[in-house]
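Worksheet for the structure shown next.
Scope of the values below: all heavy atoms of this structure, side chains included, with no hydrogens, waters or symmetry mates.
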Amino acid sequence: ITTGLVSFVINIPGLLVVNDSKLISYTLETIKVSSLNSIGTLADMPVSFSEILWAVYFTGVSVLILINGIAWFKIKAIICKGNKTTLFGHEVIVNDSIDDSFSFMNSIVVPGNNVSAFEVQHEKVHVLDKHAIDLFFAELVCTVLWFVPFIRQYKKAIVLNHEFIADSVSGANLLRD
């Protein structure tokens with residue numbers, strides 16, 4: 001059944017006709033005639049190269065969506081397990097289970113030991129400039145275009161640019177204060 005569904009979805013430019021227990025699929029590439037056997041599955045259906053490519057593509061996208069979803073839930077768990085407090089005039093979440101500080105949407109999360117004013121100000125710049133939204137869209141593009149060899153390099157460049165921006169603004173703010 002899934003083979004028939006995948007074939008139907010993949011052959012969007014084609015025409016599908018069902019007649020008296022016969023499934024006839026006309027596509028631009030091939031003409032396929034498959035008979036339905038007694039348990040209702042498709043038998044003797046040839047698989048084209050484009051169908052294999054689409055299956056590989058959607059498998060890659062599905063795996064990356066799963067990985068990103070798991071990462072998102074882990075970040076939310078770290079934020080929920082932390083304690084809200086105020087450091088250097090900013091509301092932050094302190095969590096002893098992490099080693100490095102980070103920001104996610106409107107939350108600044110810092111480790112429980114040795115947090116500097118620069119670190120908190122740096123993460124505050126990320127929150128104010130909404131860098132998490134940029135990274136979300138960059139990750140979305142990386143998920144959709146996972147097969148493009150250099151797409152991850154663009155995301156790394158965006159992350160590096162965000163770090164330069166946060167460093168320069170937070171450094172200037174600390175010097176001014």
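- Inspection of the Glu119 and Ser101 side chains reveals an N or O donor paired with an N or O acceptor under 3.5 Å.
- Side-chain contact check for Thr143 versus Asn68: some heavy-atom pair is nearer than 4.5 Å.
- Listed here is the closest heavy atom pair of Ile151 and Leu145: CG2-O, 3.5 Å.
- Looking at Asn95, its side chain never comes within 3.5 Å of a backbone N or O of Pro111 through a donor-acceptor pair.
- Applying the 4.5 Å side-chain rule to ILVMFWY residues, one finds Phe164 in the same cluster as Leu160.
- Looking at Val120 and Val115, their side chains come closer than 4.5 Å, going by heavy atoms from C-beta outward.
- Contact check for Phe137 versus Leu140: side-chain heavy atoms found under the 4.5 Å cut-off.
- Glu123 and Ser103 form a side-chain donor-acceptor contact under 3.5 Å, judged by distance and modelled atom types alone.
- The shortest heavy-atom contact between Ile158 and Leu135 is CG2-CD2, 4.2 Å.
- Relative orientation of the His122 and Phe118 rings is tilted, given thresholds of 30° and 60° on the angle between their planes.
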Q.
Using salt bridge (Lys or Arg N to Asp or Glu O under 4.0 Å), reason through Glu139 and Arg152 one step at a time and then give a plain yes or no.
A. CA-CA 9 Å; Glu139 194 61 47; Arg152 292 273 169 206; 3.0 Å; yes
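- Looking at Val109 and Phe104, their side chains never come closer than 4.5 Å, going by heavy atoms from C-beta outward.
- Note on ring orientation: taking the six-membered ring where Trp is involved, the planes of Tyr57 and Phe147 are perpendicular (angle over 60°, cut-offs 30° and 60°).
- Listed here is the closest heavy atom pair of Val56 and Trp146: O-CZ2, 3.6 Å.
- A salt bridge (Lys or Arg N to Asp or Glu O under 4.0 Å) check over residues 92-112, counting only residues at least two apart or in different chains, returns nothing.
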